[in-house]
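Residue numbering restarts at 1 for every chain, and letters A, B, ... go by the order of the sequence lines.
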2 protein chains.
Amino acid sequence: MDTSAAPTSPNGQRPDPSRIERLCIERGLKMTGQRRLIARVLSEAEDHPDVEELYRRASALDSRISVATVYRTVRLLEEKGIVERRDFGGGRARFDPTDRGHHHHLIDVDTGKVIEFEDAEFERLARAIAERLGFSLIGQRLELFGRRPEDAPAARPGRKSGR
Amino acid sequence: MDTSAAPTSPNGQRPDPSRIERLCIERGLKMTGQRRLIARVLSEAEDHPDVEELYRRASALDSRISVATVYRTVRLLEEKGIVERRDFGGGRARFDPTDRGHHHHLIDVDTGKVIEFEDAEFERLARAIAERLGFSLIGQRLELFGRRPEDAPAARPGRKSGR
DNA sequence: CTAGGTGCAAATCGTTTGCGGTGAT
DNA sequence: ATCACCGCAAACGATTTGCACCTAG
């Protein structure tokens with residue numbers, strides 16, 4: 001399913017357009033170095049970074065970028081439907097590329113970790129509820145907050161996702 | 001089911017404690033004039049006001065109150081579990097008294113109106129999903145965004161809610 | 001070449017907080 | 001009396017924006 005080419009290319013600095021860069025081009029965005037950078041960071045992110053984190057990761061690759069640009073770009077990407085803005089509490093917005101498919105989140109209240117999941121039954125139920133109320137469903141937001149019981153199948157200590 | 005007494009009482013200014021004032025007293029909060037006022041406004045609200053709106057409504061009843069106090073009180077009530085903080089987008093937090101029972105929201109994307117609803121099947125499903133992922137469910141957030149089809153059976157004017 | 005992007009710093013906006021005075025218990 | 005509350009204004013943290021310069025198309 002993944003059509004992305006090898007992330008490493010012969011010519012040192014440009015491992016060919018990232019997933020998200022390609023989307024940007026498709027939608028006719030002018031691709032500057034900064035945007036390419038942010039697109040790359042987002043493409044490679046397995047978690048849901050906030051602006052500060054995006055800025056940190058982008059600066060690490062090329063320090064010639066300002067937070068203001070990250071804010072502007074992220075907003076642009078949101079308008080183009082390339083990323084979705086999320087609010088997991090904690091004041092700052094976090095971003096989620098839309099090309100990974102529709103999903104919801106379960107936030108581990110103890111660790112702050114975010115687990116993604118899909119659920120067909122929920123999709124159906126959501127639509128049914130909306131219709132029952134006389135609406136057609138445009139969008140939904142579902143977040144579960146949970147705690148792993150002590151005797152649970154021990155979360156693999158692998159650090160990923162969430163802050 | 002509603003145990004509230006008549007909202008009008010003989011002694012001019014104090015139509016007996018509001019629903020929420022009673023809860024405050026139960027939980028041992030020192031009841032000042034301002035808190036009584038905010039409790040009243042919240043008790044009478046059929047919608048989900050933000051701080052600015054609460055402040056506006058409270059000031060209308062007695063101008064000797066400041067926004068800072070509204071912020072402080074609303075936060076206190078949240079800690080005591082008397083109201084819940086909500087985020088329907090738009091930057092400001094909105095507040096929802098918990099004594100109206102557990103419910104979720106459907107936001108009319110055209111009008112911004114908020115419709116409350118409950119759904120037992122969803123509760124069950126949410127718990128099931130959390131368990132499937134190895135968590136016990138602590139909380140959830142469900143918001144549906146919908147649009148009323150032109151030819152819709154015009155929402156029964158039963159419920160209010162929304163701004 | 002030119003519309004649009006960018007960095008920087010100042011400005012906004014919702015919300016919090018320090019402080020001196022006030023009021024509920 | 002005491003300790004928590006209140007109003008005011010300054011402080012804050014996230015995000016936006018005005019301006020002068022710079023770059024992709």
[X] [atom1] to [N] [atom2], straight-line distance once rounded to whole Å:
X       : N      : atom1 : atom2 : value
B:Leu54 : C:dT15 : CG    : C1'   : 14 Å
A:Glu21 : D:dA24 : CD    : C1'   : 13 Å
B:Arg94 : C:dG14 : CZ    : C1'   : 15 Å
A:Ile65 : C:dC8  : CD1   : P     : 11 Å
A:Leu76 : D:dT15 : CG    : P     : 17 Å
A:Glu52 : D:dT16 : CD    : P     : 15 Å
A:Arg36 : C:dG5  : CZ    : C1'   : 13 Å
A:Gln34 : D:dA24 : CD    : C1'   : 11 Å

With under 30° as parallel and over 60° as perpendicular, where do the rings of A:His104 and A:Phe117 fit, or are they tilted in between?
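The arrangement is tilted - the two ring planes meet at 30° to 60°.
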What's the closest nucleotide to the side chain of [X] if the choices are [options]?
X       : options               : answer
B:Tyr71 : C:dT16, C:dG18, D:dC3 : C:dT16
A:Val51 : D:dT17, D:dC8, D:dT15 : D:dT15
B:Lys30 : D:dC5, D:dT15, D:dA24 : D:dC5
B:Arg92 : C:dG14, D:dT15, C:dT6 : C:dG14

Base, sugar-phosphate alone, or nothing: which one does A:Arg64 contact when heavy atoms must sit under 4.0 Å apart?
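If one applies the 4.0 Å heavy-atom cut-off, A:Arg64 turns out to touch the sugar-phosphate alone, with no base involved.
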Which is true for A:Arg35 with a 4.0 Å heavy-atom rule: it touches a base, it touches only sugar-phosphate, or it touches nothing?
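If one applies the 4.0 Å heavy-atom cut-off, A:Arg35 turns out to touch the sugar-phosphate alone, with no base involved.
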Residue whose closest nucleotide on DNA chain C lies nearer the 5' end, B:Met31 versus B:Ala93
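It is B:Ala93, whose closest nucleotide lies nearer the 5' terminus.
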Minimum heavy-atom distance between B:Pro149 and A:Gly134, given as atom pair plus value:
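Taking B:Pro149 first and A:Gly134 second, the nearest heavy atoms are CD-O, 3.5 Å.
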If the cut-off is 4.0 Å, is B:Thr32 near the phosphate of D:dC6, judged by side-chain N/O to OP1 or OP2?
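So the side-chain polar atoms of B:Thr32 do come within 4.0 Å of the phosphate oxygens OP1 or OP2 of D:dC6, strictly under.
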Short side-chain N/O contact to D:dC6 OP1/OP2 from B:Arg72, under 4.0 Å
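Checking B:Arg72 against D:dC6: no side-chain N or O falls below 4.0 Å of OP1 or OP2.
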Counting only heavy atoms not in B:Arg64, do more than 12 fall under 6.0 Å of its CZ?
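Check fails, neighbour count at 12 or below.
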hydrophobic_cluster_shared for A:Val51 and A:Ile82, side chain cutoff 4.5 Å:
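Result: yes, single cluster for both.
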Would you give the length of the straight line joining atom CG of A:Asp108 to atom CZ of A:Arg148, rounded to the nearest 0.5 angstrom?
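Between atom CG of A:Asp108 and atom CZ of A:Arg148 there are 6.0 Å.
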